[in-house]
Amino acid sequence: MSTPTLAEWQTAQAANPPVINHWIGGRTVEQPPARTQDVYDPATGTVSGRVARGGAEDVDLAVAAARAAFPAWRDLPLLARSQVFFAYRELVWRHREELARLITRDHGKTYPDALAEVERGIETVEFACGMPVHLAGMNTPNVSTRVDVLTLRQPLGVTAGISPFNFPVMVPMWIYPIAMACGNTFVWKPSSHTPGATQLQAELWKEAGLPDGVFNVVYGGREAVDAILTHPDVSAITFVGSTAVGRYVNETGTRHGKRVGAYTGAKNAMVVLPDADMDLAADSAIAGGYGSAGERCMAQTLVIAVGDAGDRLRPLMLERMARLKIGPGLEPGVDMGPIYSAEHRAGLIEWIDRGVDEGAELVADGRPFRHPQYPDGFYLGVTLFDHVRPEMTIYQEEIFGPVLGMVRADTFDEALALINSHKYGNGTAIFTTDGGAARRFQLEVDVPMIGVNVPIPVPAGYLSFGGTKQSSFATLQMRGEDGIRFFTRQKEVTIRWPEPGARGPLSLVFPSNR
Ligand code: NAD
């Protein structure tokens, strides 16, 4: 099937605004209109469809379907399981443009950015294709006389993921492929703001041959989340979203006996040393701060400029900001799309007001921006504050929009101390041509995802991802080896095969291995 042109696709979407329902047991479950809510196209500010609003009973149905599917899925030969992942990988690749269009329609980010999101998500699906190798156990012969130990990794049962609006494909793909390739079944509670790409992912799993009930989707808010957190048949939950909700998910889920990994908010800072390539640093600050309208957990929203770096960087950044094209994400040549919701846009304007009140220097003000053709779209221009200081709330809190703050520091040590004393620790970066300074930064910074002359250091999809401090409520990172550990239970089997005549006398002494 060939991908429809953008015009054909837009006409089809407008003629038939989607109503997106829960996906349970391999099929959509229709909801009465009263149990649905509007979905908005942020580029135009108009309603683009509706999405189900689920509660405890929908979660019950999804968990029951996942529980029923678990034994057969767990027992499927590893290669048979893996074939489904290979098929899914091919389908996602074939439908990547459609997935990207759906992301852009619901979220607002530009189409090339959405396409890159899909391609980065596929990396983790590809990792999951190789799960038969990753799930290999370990045999330790001769731990004692004629005694061996076998280490096994087994799936947990029904697992769940709760995901944010800002990466409707990539972030869930960091979770469900690993959960399911390890032999678990899955219930996904996505964001209701961006359901189009969610629905397509469910349909592609079906087409890939995934048995019904292994992958389920329930839309909704707090009620659906609470039902997952307290459900006796859910074993493990990965949450990705804001810090306040992640903290609550972690506390509630663990209190109900579940494994929880919650990966949360951020306030990432890039340090620019005076010896940096300033053009690269300026490009990186703009890409890291305003890409996806700043709605990335790895956005670089603070620039800590050391010495005279700030005075040299600022005009280079302003030049680039003046050239940015803001508009509908599906329009070619657009650099930055709208904000994902009208409420969030209003909140961002309040943040800019607050920055002014706190005394930061407002160098560029995104508040007055209106798109001439789409006055009702949720657009905001790009904002730059300079001379932001640590006591300001615009320094301390995640703003999650195209609002960049420059902080001035006298020395490398001062810049490092600022990052290490911040309450968030997700990503960071240093821009320098001094290898020694970069090496010290890697070793001493209390943030686990670090870029050296790389602004958005999201590790490749087969490696682990996660933060420290209030950016994570989890003992492991997600994805990679840590993801497999999270979604499996390890067993140690101590084995003796008695040999005739080799049995010792009865002893009540604790067995020593020496
Ligand atoms: P959010 O916390 O509002 O929502 C995340 C999920 O929780 C959604 O599925 C949502 O429906 C649900 N939810 C929202 N409010 C809830 C409540 N009161 N009780 C229970 N569930 C609730 O986050 P968001 O606005 O969708 O996403 C943006 C946030 O996600 C930012 O803080 C961003 O930094 C963070 N994020 C973090 C990472 C990471 O890996 N650390 C990645 C992407 C996004």
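Values below: every heavy atom of this structure, side chains too, minus hydrogens, waters and symmetry copies. All values derive from a computational prediction rather than experimental measurement.
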Examine the side chains of D60 and H231 and answer whether a donor and an acceptor come within less than 3.5 Å of each other. yes
Using 30° and 60° as the class boundaries, would you call the ring planes of Y176 and F215 parallel, tilted or perpendicular? perpendicular
Indicate every side-chain donor-acceptor pair of residues 326-343 with a distance under 3.5 Å to a residue at least two apart or in another chain.
| unit_1 | atom_1 | unit_2 | atom_2 | d |
| --- | --- | --- | --- | --- |
| D335 | OD2 | K325 | N | 2.8 |
| S341 | OG | H344 | N | 3.0 |

Got C297 and F465 here, is their nearest side-chain heavy-atom distance under 4.5 Å? yes
Specify the closest pair of heavy atoms between R389 and G359, including all atoms of both residues, with the distance to one decimal. NH1-O, 4.5 Å
Side-chain donor or acceptor of T124 paired with backbone N/O of W174 under 3.5 Å: no
Ignoring hydrogens and geometry beyond distance, is a side-chain donor-acceptor pair present between T198 and W188 at under 3.5 Å? no
Compute whether any side-chain donor of one residue and acceptor of the other, for E358 and T393, lie under 3.5 angstrom apart. yes
Rounded to the nearest 0.5 Å, what separation is found between the CD1 atom of I450 and the CG atom of N268? 12.0 Å
Give a yes or no on whether R439 atom CZ has more than 12 heavy-atom contacts from other residues, nucleotides or ligands under 6.0 Å away. no
With the threshold set at 4.0 Å, does a side-chain nitrogen-carboxylate oxygen contact exist between R296 and D113? yes
Looking only at heavy atoms, the pair that brings F486 and A236 closest together is CE2-CB, 3.9 Å
Donor-acceptor pair, side chain of H256 and main chain of T252, under 3.5 angstrom: yes
Only one of D386, V306, V303, L302 passes side-chain contact (heavy atoms from CB on, under 4.5 Å) with V407, and that residue is L302
Close side-chain approach of V187 to V158, heavy-atom, < 4.5 Å: yes
V363 versus F385: any side-chain heavy-atom pair under 4.5 Å? no
Side chains of R259 and F487: closer than 4.5 Å at any heavy-atom pair? no
Between D41 and T46, does any side-chain donor sit less than 3.5 Å from a side-chain acceptor? no
Output yes when a side-chain donor or acceptor of T432 lies under 3.5 Å from a complementary backbone atom of A437, and no otherwise. no
Which atom names give the shortest non-hydrogen contact between M449 and G466, and what distance separates them? CE-O, 3.5 Å
Taking the six-membered ring for Trp and the full ring for Phe, Tyr or His, determine whether the centres of F239 and Y263 are under 6.0 Å apart. no
Donor-acceptor pair between Q470 and R247 side chains, under 3.5 angstrom: yes
Counting heavy atoms not belonging to Y395, are there more than 12 under 6.0 Å from its OH? yes
Between R314 and E361, is a salt bridge (Lys or Arg N to Asp or Glu O under 4.0 Å) present by the stated rule, with each step listed? CA-CA 12 Å; R314 182 167 141 170; E361 183 193 355; 2.9 Å; yes
Start with the C-alpha distance between M478 and S464, add both sets of side-chain angles, then the distance that settles side chain to side chain contact (heavy atoms under 4.5 Å, CB included), and finish with yes or no. CA-CA 6 Å; M478 63 177 145; S464 294; over 6 Å; no
Using a 4.5 Å cut-off on heavy atoms from C-beta on, say whether the side chain of L324 contacts that of R320. no
Only one of K267, K423, R354 clears salt bridge (Lys or Arg N to Asp or Glu O under 4.0 Å) with E397; which? K423
V39 and side-chain contact (heavy atoms from CB on, under 4.5 Å): which single residue from D106, V47, V19, T194 fits? D106
Report the distance from atom CG of D365 to atom CD1 of I349, rounding to the nearest 0.5 Å. 9.0 Å
Do E117 and R120 pass the salt bridge (Lys or Arg N to Asp or Glu O under 4.0 Å) test, and can you show the C-alpha distance, the side-chain angles, and the key distance before you say yes or no? CA-CA 5 Å; E117 164 181 351; R120 290 299 303 267; over 6 Å; no
Go through the steps for R370 and D376 under the test salt bridge (Lys or Arg N to Asp or Glu O under 4.0 Å), then give the verdict. CA-CA 9 Å; R370 294 283 173 285; D376 296 329; over 6 Å; no
If we ignore hydrogens and angles and just use 3.5 Å, is the side chain of H95 paired with the main-chain N or O of L204 as donor and acceptor? no
Look at the side chain of E398 and the backbone N and O of A266, then say whether any donor-acceptor pair between them is shorter than 3.5 Å. yes
Yes or no on salt bridge (Lys or Arg N to Asp or Glu O under 4.0 Å) for D311 and R408, after CA distance, side-chain angles and deciding distance? CA-CA 9 Å; D311 291 344; R408 305 299 187 111; 2.8 Å; yes
Is there a side-chain contact between V125 and V92 (heavy atoms, below 4.5 Å)? no
Any donor-acceptor N/O pair, N21 side chain to V51 backbone, under 3.5 Å: no
When you look at M170 and I122, which way does the side chain to side chain contact (heavy atoms under 4.5 Å, CB included) test go after all the steps? CA-CA 8 Å; M170 183 182 77; I122 291 174; over 6 Å; no
Flag, side chain of S284 to backbone of L280, donor-acceptor distance under 3.5 Å: yes
Okay, side chain of R312, backbone of D308: is any donor-acceptor separation there less than 3.5 Å? no
Are any side-chain N or O atoms of E123 and backbone N or O atoms of G461, one a donor and one an acceptor, separated by less than 3.5 Å? yes
I want to check something: taking the side chain as every heavy atom from C-beta on, are I484 and F127 in contact at a cut-off of under 4.5 Å? yes
Would you check if M406 and H387 make a side-chain contact, meaning some heavy-atom pair closer than 4.5 Å? no
Are D226 and K189 within salt-bridge range, i.e. N to O under 4.0 Å? no
How long is the gap from CG on L115 to CD1 on I103, to the nearest 0.5 Å? 8.5 Å
Chi angles and distances behind the side chain to side chain contact (heavy atoms under 4.5 Å, CB included) call for S192, R53: CA-CA 8 Å; S192 301; R53 198 175 55 237; over 6 Å; no
List the atom of I228, the atom of A160, and the distance in Å for their closest heavy-atom pair. CG2-CB, 3.7 Å
Would you check if the side chain of S235 reaches a backbone N or O of L156 as a donor-acceptor pair within less than 3.5 Å? yes
Nearest 0.5 angstrom please: L380 CG to F369 CZ, how far? 9.0 Å
Could you check whether atom OH of Y248 has more than 12 heavy atoms from other residues, nucleotides or ligands sitting under 6.0 Å from it? yes
Looking at every heavy atom in both A179 and T159, which two are closest together, and how far apart are they? CB-OG1, 3.7 Å
Taking every heavy atom of G55 against every heavy atom of R35, the minimum-distance pair comes out as N-NH2, 3.8 Å
Within 45° of the ring axis of F167 and under 6.0 Å from its six-membered ring centre, is that where the NZ or CZ of K109 lies? yes
Checking side chain to side chain contact (heavy atoms under 4.5 Å, CB included) for the pair H107/S292: CA distance, chi angles, key distance, verdict? CA-CA 9 Å; H107 175 288; S292 198; 3.6 Å; yes
Output the distance between atom CG (D283) and atom CD1 (I286), rounded to the nearest 0.5 Å. 8.0 Å
